[in-house]
Amino acid sequence: MSDATELAPAAASDGAVRKPHLYLVDGSAYIFRAYHRLPPLTNPQGTPVGAVYGYTTMLWKLAQDLDDADGPTHLAVILDKASQSFRHDLYADYKANRPPPPEDLVPQFPLIREATRAFSLPCIEEDMLEADDLIASYARAATRRGWDVTIVSSDKDLMQLVGRCADPDDGVEGGCIDMLDTMKNARIEIAEVVEKFGVPPEKLGDVLALMGDSVDNVPGVRGIGPKTAEKLINEYGDLESVLAAAPEMKKSKMRENLIEHTEMARLSRRLVQLKEDCPLPMPLDEFALDGIPKEPLANFLSTHGFTSLLKRLGAGSPSRPTDLNPAKPANAAAEAASGTRQPLPEWPAVDLDAYECVTTLDRLDAWIARAFAAHAVAIDTETSSLDSMQAELAGISLALGPNDACYIPLAHGSDDMFAEKPQQVPKAEALARLKPLLESDAVLKIGQNVKYDLTVLQRCGIEVAPVDDTMILSFDLDAGRGGGGIGQAHGMDSLSQTHLGHTTLTFKDICGTGKKQILFSAVPLDKATRYAAEDADVTWRLHRVLRQRLADEGVTRIYENVDRPLIPVIAMMERNGIKVDREHLARLSGEFAEQIASLEAEVHEMAGESFAIGSPKQLGDILFDKMGLKGGRKGKSGQFSTDQTVLEKLAGEGVPMANKVLEWRGLSKLRSTYTEALQQAINPGTGRVHTSYSLVGAQTGRLSSTDPNLQNIPIRTETGRQIREAFVAEPGNVLLAADYSQIELRLAAHMADVPPLKEAFADGEDIHARTAREMYGEVTRDTRAQAKTINFAILYGISRWGLAGRLGTDAEEAQAVIDRYFERFPGIQKYIVHTLERVRETGYSETLFGRKTHFRNINSKNPNERAGAERAAINAPIQGTSADIIKRAMVRMMPALHDAGLGHARMLLQVHDELVFELPEGDVAAASPVIERVMADAALPSVELSVPLGIEIGTGHSWGAAH
DNA sequence: CTGGTCACG
DNA sequence: GACGTACGTGACCAGG
């Protein structure tokens with residue numbers, strides 16, 4: 001058994017022999033369901049494997065249950081083999097109107113057997129017998145022996161068997177039969193059958209005979225459906241009694257039908273009767289489970305590109321959850337599609353005339369039906385604003401393939417009451433029809449920055465899921481590689497250019513810019529269609545290109561486990577927003593304005609003239625030319641620098657004006673950026689401030705926040721802190737702020753393996769004091785401050801000049817400090833050297849969770865560029881790992897709070913190492929430990945850190961008070 | 001549209 | 001040997 005996993009044999013861990021429990025898997029029925037519920041996937045050879053993937057994860061799940069008390073001791077898969085069975089002899093039209101299986105399902109049938117063999121499980125199929133009959137016969141045989149049986153299926157015919165025990169005549173205590181629906185993870189027992197059909201399992205056959213079954217073409221009695229059948233059987237006892245009583249019933253259509261179709265009912269009864277005495281092709285005992293050998297399974301998983309299952313297999317027992325989101329159907333797309341290595345198909349060039357403008361409900365329905373069939377659709381919403389919390393929907397575009405795209409205008413022409421409104425599908429009706437598509441688990445929705453569309457559509461009552469995002473795919477693959485490295489690197493226009501060689505229409509081309517800019521809803525439909533449908537088309541193509549690279553480049557882990565599940569979480573936080581006290585801000589603004597005015601007057605008087613203090617140019621001229629002060633430094637623009645350090649130096653030399661200017665600057669900054677701008681940012685609809693987070697804003701994987709930026713609200717000075725008081729909770733609620741304490745230093749201690757630092761964190765010591773003790777032998781105010789500076793210097797990629805500047809010494813002395821640090825903590829130096837080697841070699845750095853950041857200048861000939869890239873490369877794994885950890889915490893947070901019965905808590909903000917919540921005052925005590933646990937354990941189970949993650953929690957009516 | 005400055009982690 | 005004198009962001013203002 002050296003080759004086998006520890007999957008349990010038929011003995012419980014305490015050594016007692018368990019009562020045998022046979023699982024019979026209805027394989028054929030399963031793949032049909034899997035096919036319709038999962039997105040279309042292909043393996044590396046280009047064979048469709050979506051249903052096979054679903055089937056494989058189902059077997060995997062069953063294997064995980066081996067140790068459970070009611071898990072399998074014996075297991076077999078039963079398949080339909082023959083197209084003919086004895087039922088066709090009874091009724092020639094049996095299953096006659098069943099359509100042929102979909103084209104891309106056919107090649108998957110043989111793979112089901114392959115998958116079953118890969119798990120080393122027996123697979124049973126017989127000519128002239130349907131899977132149902134084999135299952136019934138095996139179930140019967142097993143219960144006779146006193147075994148319990150679970151039928152893995154949700155087929156209603158099989159529900160006739162539920163609960164049935166062996167004949168007491170056999171002299172054995174019979175076993176029981178239940179069913180398991182693995183997709184819904186639901187057990188079906190007698191109560192569930194009664195709930196569904198209104199009769200116990202032994203009468204189900206009679207009900208099924210009356211109602212018939214359109215799928216199998218069992219005729220039943222015309223006009224009788226499940227409800228009538230249930231009523232009749234419950235009233236008369238069984239089918240024959242119903243038929244016998246028919247002539248006595250009061251005159252009705254039903255009575256006539258019963259009389260006319262009596263024979264059809266009897267025939268149907270025989271068709272739905274399960275054959276329980278089939279010869280058993282393989283004896284029951286051979287179904288015994290004896291561990292699942294790894295090797296054939298691994299071969300199978302790798303052949304078909306099921307990489308995450310493969311990894312879990314490699315990690316040991318498949319019965320242990322290894323990470324977030326284990327095997328969700330939505331992630332199957334990632335799984336198999338990413339394993340695809342086939343060359344991209346030759347696509348036709350983008351053809352703007354190929355797109356359809358959808359203006360009728362019939363055409364809309366046709367597109368929706370095709371999207372369901374395709375299991376994946378690129379979507380794009382057109383609106384009136386970049387602010388997704390205020391945007392009004394103008395239309396939606398869909399794409400199903402290259403040049404196979406449409407635009408559905410919904411509100412064009414509505415802004416101009418004099419213009420003639422073009423014909424459009426009524427908005428409410430169109431949204432009602434799109435809703436099932438956009439919310440269907442079985443259809444992947446692809447977007448470029450799909451978080452935006454999520455919010456716009458959520459405000460229309462549609463919860464879009466599951467989603468994939470080409471912008472985030474691009475970021476996870478190529479962070480740091482992008483052209484100029486500016487924000488647009490992962491924008492659609494540049495992605496289209498790089499990956500498709502296609503120049504897209506820009507929004508400016510369509511709507512103009514500046515004062516002449518018009519709303520998208522004012523654009524004529526033909527023009528709007530070309531632009532909007534092109535976006536969806538390009539998004540669809542980009543998805544193909546980027547998805548394909550994911551597994552090859554080892555980026556699946558960070559995308560699937562961290563960034564992708566974060567999309568709906570961030571969308572929710574943005575929608576939540578945070579309440580801001582406008583009066584508080586207005587009052588501060590007024591106070592600041594007065595002080596600014598008086599400072600301005602003083603400065604002008606000192607200068608002897610009136611000038612713009614906010615102009616560095618004018619200020620520089622006044623200070624250094626007119627007043628002739630020394631210490632002026634000129635930058636490359638030839639201008640005097642007037643930044644804080646310069647002014648502080650002047651102030652120290654006794655220039656009173658410098659202090660006044662500094663004060664003026666501080667207050668102006670606070671007033672313009674915060675007290676004034678924040679009032680403007682309050683959403684009139686919600687009365688709250690809704691920032692917008694970018695998941696691709698920072699090369700390291702951090703989030704960034706804009707419109708407004710809520711990640712740089714003042715806290716360091718007392719005046720600034722007053723602004724935080726304006727962020728408040730609703731009445732009866734409080735804000736709760738939870739911070740990771742020193743997370744980057746902790747990560748550095750772990751990643752560079754520095755025992756004394758790890759020890760200090762484990763013991764809850766003051767980390768800077770410990771550093772001082774290690775370096776200087778004693779802890780004084782001075783040495784601690786120096787240690788703190790150098791600790792941060794390490795995180796930022798150290799240079800002797802930089803450190804010298806901070807310590808106020810020269811470079812030589814700074815170098816000595818660095819040397820001392822490396823001597824005491826050799827792990828740090830090794831980490832830096834090793835990290836740089838790797839980055840020079842590969843071009844990118846990696847976080848503990850596999851996030852890559854590329855450094856184009858790491859081998860640059862320009863020493864400044866190179867040194868800059870090196871510092872960034874040392875910092876990125878640490879800053880990035882910290883970002884990964886808090887993102888993982890965010891993904892898990894709401895489910896954890898919900899499970900703890902804290903559904904009223906809302907997550908509002910993220911500030912890199914801090915999460916801000918709003919919750920009822922009474923929930924604080926219960927929520928705090930949940931939040932702390934989720935944050936502290938966020939690295940697990942992917943990464944086991946050798947330092948604890950410390951969390952600090954504060955609460956208060958305002959954000960300021962919560963710190 | 002760019003550079004300088006300064007708010008945050 | 002000297003340097004743009006630390007990493008990552010975003011907003012505002014002045015000036016061209």
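Each chain gets a letter, A, B and so on, in the order its sequence line appears, and its residues count up from 1. Excluded from the calculations below are hydrogen atoms, water molecules and symmetry mates; all remaining heavy atoms, backbone and side chain alike, are included.
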Describe, in one word, how the ring planes of A/His490 and A/Phe475 are oriented to each other, choosing from parallel (under 30°), tilted (30 to 60°) and perpendicular (over 60°). perpendicular
Any side-chain N or O of A/Ser641 under 4.0 Å from OP1/OP2 of B/dG3? no
For the side chain of A/Thr700, starting at C-beta, report the closest nucleotide among B/dG9, C/dG8, B/dC8. C/dG8
Separation of B/dC6 C1' from A/Glu648 CD (nearest whole Å): 12 Å
Under 4.0 Å from any atom of DNA chain C, heavy atoms only: list the residues of residues 829-851 of chain A that qualify, in numerical order. none
May I ask you to evaluate whether A/Arg702 reaches the phosphate of C/dG8, defined as a side-chain N or O under 4.0 Å from OP1 or OP2? no
Can you tell whether the side chains of A/Glu823 and A/Arg820 come within less than 4.0 Å, N to carboxylate O? yes
Within the 4.0 Å limit for protein heavy atoms, which parts of nucleotides 10-16 of chain C are touched? Write it as a string from 5' to 3', B for base, S for sugar-phosphate only, - for none. BBSSSSS
Euclidean distance, atom CD1 of residue A/Ile790 to atom C1' of C/dC7 [Å, nearest integer]: 16 Å
Need one value for A/Glu914: base, sugar-phosphate or nothing, where a base atom within 4.0 Å counts as base even if backbone is also close, heavy atoms only. nothing
Mate of C/dA2 where both pairing distances stay under 3.5 Å, Watson-Crick or G-U: none
What I want to find out is whether A/Glu765 reaches A/Lys758 closely enough, with some N-O distance under 4.0 Å, to be called a salt bridge. no
note: A/Ile713, atom CD1; B/dC6, atom P; distance rounded to Å ~ 18 Å
When you check the phosphate oxygens OP1 and OP2 of C/dT5, does a side-chain N or O of A/Arg800 lie under 4.0 Å from one of them? no
Charged N to carboxylate O below 4.0 Å: is that the case for A/Asp563 and A/Lys887? yes
Closest approach of A/Val891 and A/Val562, non-hydrogen atoms and distance? CG2-O, 4.0 Å
Quick one: A/Ile613 CD1 to B/dC6 C1', roughly how many Å, whole number? 17 Å
Please list, in numerical order, the residues of residues 867-880 of chain A that have a heavy atom closer than 4.0 Å to any atom of DNA chain C. A/Arg871, A/Ala872, A/Asn875, A/Gln879
Output yes when A/Asp766 and A/Arg784 qualify as a salt bridge under the 4.0 Å nitrogen-oxygen rule, no when they do not. yes
If you measure from the Lys or Arg side-chain nitrogens to the Asp or Glu carboxylate oxygens, is any gap between A/Lys451 and A/Glu574 under 4.0 Å? yes
Decide, yes or no, whether a salt bridge links A/Glu846 with A/Lys852 under the criterion of side-chain N to carboxylate O below 4.0 Å. no
Using a heavy-atom cut-off of under 4.0 Å over every strand shown, decide if A/Ile798 touches base, sugar-phosphate, or nothing. nothing
Taking all non-hydrogen atoms of both residues, which atom of A/Glu914 and which atom of A/Ile886 are closest, and how far apart? N-CD1, 3.7 Å
Please tell me if A/Arg665 has a side-chain N or O lying less than 4.0 Å from either OP1 or OP2 of B/dC6. yes
What about A/Asp643: does its side chain form a donor-acceptor pair under 3.5 Å with the base of B/dG4? no
Select one nucleotide: of B/dA7, B/dC6, B/dG9, the one nearest the side-chain heavy atoms of A/Arg716. B/dG9
Heavy atoms under 4.0 Å, any strand shown: does A/Asn864 hit a base, just sugar-phosphate, or nothing? base
What is the distance, to the nearest angstrom, from the CD atom on A/Gln711 to the P atom on C/dT9? 12 Å
Has the side chain of A/Ser494 got a donor or acceptor atom that lies under 3.5 Å from a matching backbone atom of A/Ala489? yes
Most 5' of A/His912 and A/Glu865 on DNA chain C, judged by nearest nucleotide: A/Glu865
Does this structure show an ion pair linking A/Glu653 with A/Lys649, if we count only N-O contacts that are shorter than 4.0 Å? yes
For a quick check of understanding: with a heavy-atom distance under 4.0 Å over all strands, which category does A/Thr853 fall into, base, sugar-phosphate or nothing? nothing
Under 3.5 Å for both donor-acceptor distances, Watson-Crick or wobble: does B/dT2 have a partner, and if so which one? C/dA14
State whether the side chain of A/Tyr693 and the backbone N or O of A/Gln910 hold a donor-acceptor pair below 3.5 Å, judged by distance alone. yes
So if I apply the side-chain contact (heavy atoms from CB on, under 4.5 Å) rule between A/Arg688 and each of A/Leu908, A/Val580, A/Asn683, A/Ile682, which one comes out positive? A/Leu908
